[in-house]
Amino acid sequence: TLQYDSNSKLLDVPDASEDVEMNVKQINKLTQDLVAESNPNFTPQPREDSTAMIKKLFENGLKQLQQQKMADALKSVNLAVEMAQRKRAPWEAFAVQLQELQFMMKNRVDLCLVQGKFMDALQDLDFLQNTGLTTSDVFIRKTDALMKLKQYDQARAEVERGLSLDPTNAKLRVLHMENTRRLAEYNG
Amino acid sequence: NQALKRRFQAILLRKEVFSEQW
Amino acid sequence: QSYDYDEGSETWPFFVLAVLCVVLVPLTAMQLWELVSGGQKDQDLKDQLNVLGKMSEQYASSEILEFRAKNLAKKSKWLAKRNLFIIAGWTVVAYLVQYIGSNDAIQDAATLLFDPYTLLDISTSSTDREIRSAYRKLSVKFHPDKLTKDLSPEQRSVAEEQFVLITKAYKALTDEVTRENFLKYGHPDGPQATSHGIALPKFLVDSSASTLMVLGYIALLGVILPYFVSRWWSKTQSMTKKGIHVKSASYFSDRLFNFKPSQVVTLDLIVNWLSHAEEFKLMFPELGQETFETLLHDQVNRKHSGTLETAKLGLVAKSHVLLFGLLDIATTFRNLEISNMAIDTLKAIVQATPVSPYSQLLQLPNVNAKSLLEGSVDDIRTLGKLFTYDDAKIGKILGIDDNTKLQETLTIASAIPHLKLIRAEFKVPGESVVTPQSTPHISLKVLVRSAKHKFFGPNLIPDEMCQDEQDFDSLRDPFASILEQPRLPQTFAPHFPGKRSGCWCALVVLQKDGKVIQTPMLIDRLSFANLNKDFDKRTVKDLEKDFKPEDWVIGTIKIPFSQPAPAEKGDFFFRVIVKSTEYFGPDLDFTLAMAVRE
């Protein structure tokens, strides 16, 4: 049974299955965002003010990176990413949102790696791979993170996959050799 | 966009699971 | 109404005899075959390394031994019933044969058969001359003109009849027309009178007995037969090809179809899916899904389940076939993570060890988990690394004080088979390269070695040892040579309710998209002879001097490739994963390039 609350403008389906519940949540989210939208002539074009805010935060982070203030840089980039997640409306162009997020995440990965936050970097890299980014630099960083986390078997799987997509990549080859050496040590 | 958001929000949970596993 | 009934008991014995033989002959053949092949299987197990099997019996708990004994009793009871039926059946057959032999009515009917050879008193392979001479001799004896005068009239008529028969017999073998008649109708005079009847004695069809017979038939055709057929049909319909219940298969398929890539695949997830299996509900209708999940976790964590211990063992025994079913479905959905974790879950259940970075060591018996995880300074996670230390140090690392226990643990640890890849390639039988659109298969040369053995590179094994037979048979069926390898020996699995030898599962993944491309191939034949070798890494100092490649047995694994080679030339990359279902550690995982050339 579908229930509608006219005050909050939200739907509710008690005792629904997982899928139906998710659909209802999505509809509610869309409704809330539409209600909150002040501009009656909204388009899929990404909003100027959101873009400006996100860009400012991100550039802040880059500046701090140049000043070698790594921890602060990471914080700023995190904020930028969170802002992108929160401020962007669901009807704004997907391609733009994805590219924006992936770009910022790549920088976040490097910041995490530099500061030894390997698990964080790994999850971001997993996200990038899952969302379609299968370039060699992703494989290089993922292999590096896995090796640092002592997951040598998984690192080998990653670097071999990276090499099969880009067989002549020198950095991947070096990582492969290094990982093989560490695996031999790991297995006695 | 919503799917992307869900995948992004899963990052924290995945971090916890992997940390426990490894 | 004009049918004759079997008054003289002439026909029904044959009918019963025929029915009995139709059932008994295949059944007896099957039983004899099982006896012979069962002996062969035992011999196979004895041939291979058996120390793991013996130790497994030693360490098995009393509940497990009880569980096995109960199952064996059930099986042997059924076998005893079958044997009883065979013996009883053949006894009835013997009685019937003897009855037929002594039944006068049947014998009389038999004598009506015309056999010219017995009449002329010659063998069936006599020549024409022999037939003629036999006829002449007998006709002289029985010719009415040649008979003696002092015979009674009855004797005379008997002799005259005999003479007629002899003449007929001679004609049947020599004269064209008569011979044709004899061959067509069995009698030289042409078609004889034939009678048709019902092979039932009259009393069964007459009066009161007839109503009983009719009721009996109605019951048989209308009730009993449909009941058994429908029961068999629903049983067949309820199982999939892989031997799991259709409801379980559809549950697994649903989980895989709705699988979100962001979900992390863990042992808990697979065990949760398993606990929804229909088989469990049918085995234990009084227990619920959460109980099943708890019991499976108890098995993995080696916890005793109290009153539900026997139930737990039953679930564990069933989980084997369920996990293979899940693996099959996961590969059909091309999901590598689930496929891998399904096999890892099987390992965890067989060894009663959770999936963790330390599983390789925790699967060994007598290990003190606490002292392993908290104790040593170096973080040791693999068996290979463990064997770089001397025995005493290993005892400290694993937390084993008792020396006998330590020696047993070391024996088992060094008997766990590890696969080492020597050669790997895509092969097309009869060709030197993989051509476009051809049917290649993956040919692997592996070395089954112990974690204790010193590592040597694959190039130390010369190419000659890795060559296959190049004869016609191998071209026709490249997979036949695999059958020459012995079957896998018994696994060391003291916490698993049944005796098992397990297998390795080979998965093939396309590197381009990271997804599985075909259903798993099961490998159950490999030689473990190398595990007996004493090539301890702690004692072998000079590899060049001490290593003799001809002492080592090379194993072959051939994996069929489900698709034809691509139509374009180039290099295509595949990841081959060979995982053991029994032990943590002995797996292979590597990338193999398919070079498609003209």
Side-chain angles (χ1 to χ4, degrees), chain A residues 18 22-33 44 46 78 81-102 104-105 108-109 112 117-133 145-146 148-155, chain B:
Chain A
E18 234 179 277
M22 188 178 301
N23 279 333
V24 166
K25 265 200 218 146
Q26 288 177 286
I27 295 171
N28 283 338
K29 177 78 173 67
L30 203 54
T31 316
Q32 278 179 316
D33 287 346
N78 272 334
V81 167
E82 289 295 324
M83 187 66 53
Q85 282 291 291
R86 223 173 311 140
K87 274 289 164 176
R88 291 264 179 243
W91 54 80
E92 288 179 43
F94 172 70
V96 173
Q97 284 203 39
L98 180 65
Q99 254 191 348
E100 184 182 61
L101 195 57
Q102 282 180 338
M104 290 197 288
M105 295 282 266
R108 191 164 93 164
V109 163
C112 285
K117 294 183 194 270
F118 301 117
M119 186 55 91
D120 291 354
L122 184 65
Q123 293 316 315
D124 284 353
L125 287 160
D126 256 343
F127 173 85
L128 289 172
Q129 272 188 339
N130 277 160
T131 52
L133 206 63
L146 284 165
K148 297 267 179 21
L149 289 165
K150 292 216 237 173
Q151 300 297 317
Y152 302 113
D153 287 311
Q154 289 210 22
Chain B
N1 283 320
Q2 292 296 79
L4 187 66
K5 209 165 274 190
R6 277 201 300 275
R7 177 60 185 90
F8 181 81
Q9 280 161 358
I11 288 179
L12 201 60
L13 180 63
R14 286 174 66 94
K15 191 171 126 180
E16 279 173 25
V17 177
F18 278 114
S19 298
E20 201 191 300
Q21 250 189 15
W22 297 348

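Quick note: numbers below take in every heavy atom, side chains included, and nothing from hydrogens, waters or symmetry partners. Every chain is numbered from 1, with letters handed out A, B, ... down the list of sequences.
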Problem set entry | Intermediate values then yes/no, side-chain contact (heavy atoms from CB on, under 4.5 Å), A/F127 and B/I11 | CA-CA 8 Å; A/F127 173 85; B/I11 288 179; 4.0 Å; yes

Exercise. Can you check whether A/L146 reaches A/F118 side chain to side chain, under 4.5 Å on heavy atoms?
Worked result: no

Distance-only check: which donor-acceptor pairs of chain B and chain A lie under 3.5 Å?
unit_1, atom_1, unit_2, atom_2, d
B/N1, ND2, A/P90, O, 2.7
B/N1, ND2, A/E92, O, 2.8
B/K5, NZ, A/Q85, O, 3.0
B/R7, NE, A/N130, OD1, 3.1
B/R7, NH2, A/N130, OD1, 2.8
B/R14, NE, A/Q123, OE1, 3.2
B/R14, NH2, A/D126, OD2, 3.0
B/K15, NZ, A/D120, OD1, 2.6

Exercise. Within a strict 4.5 Å, meaning less than it, do heavy atoms of the A/F94 and B/L4 side chains meet?
Worked result: yes

Exercise. Is chain B contacted by the side chain of A/L98, its backbone, both, or neither, given a heavy-atom distance below 4.5 Å?
Worked result: both

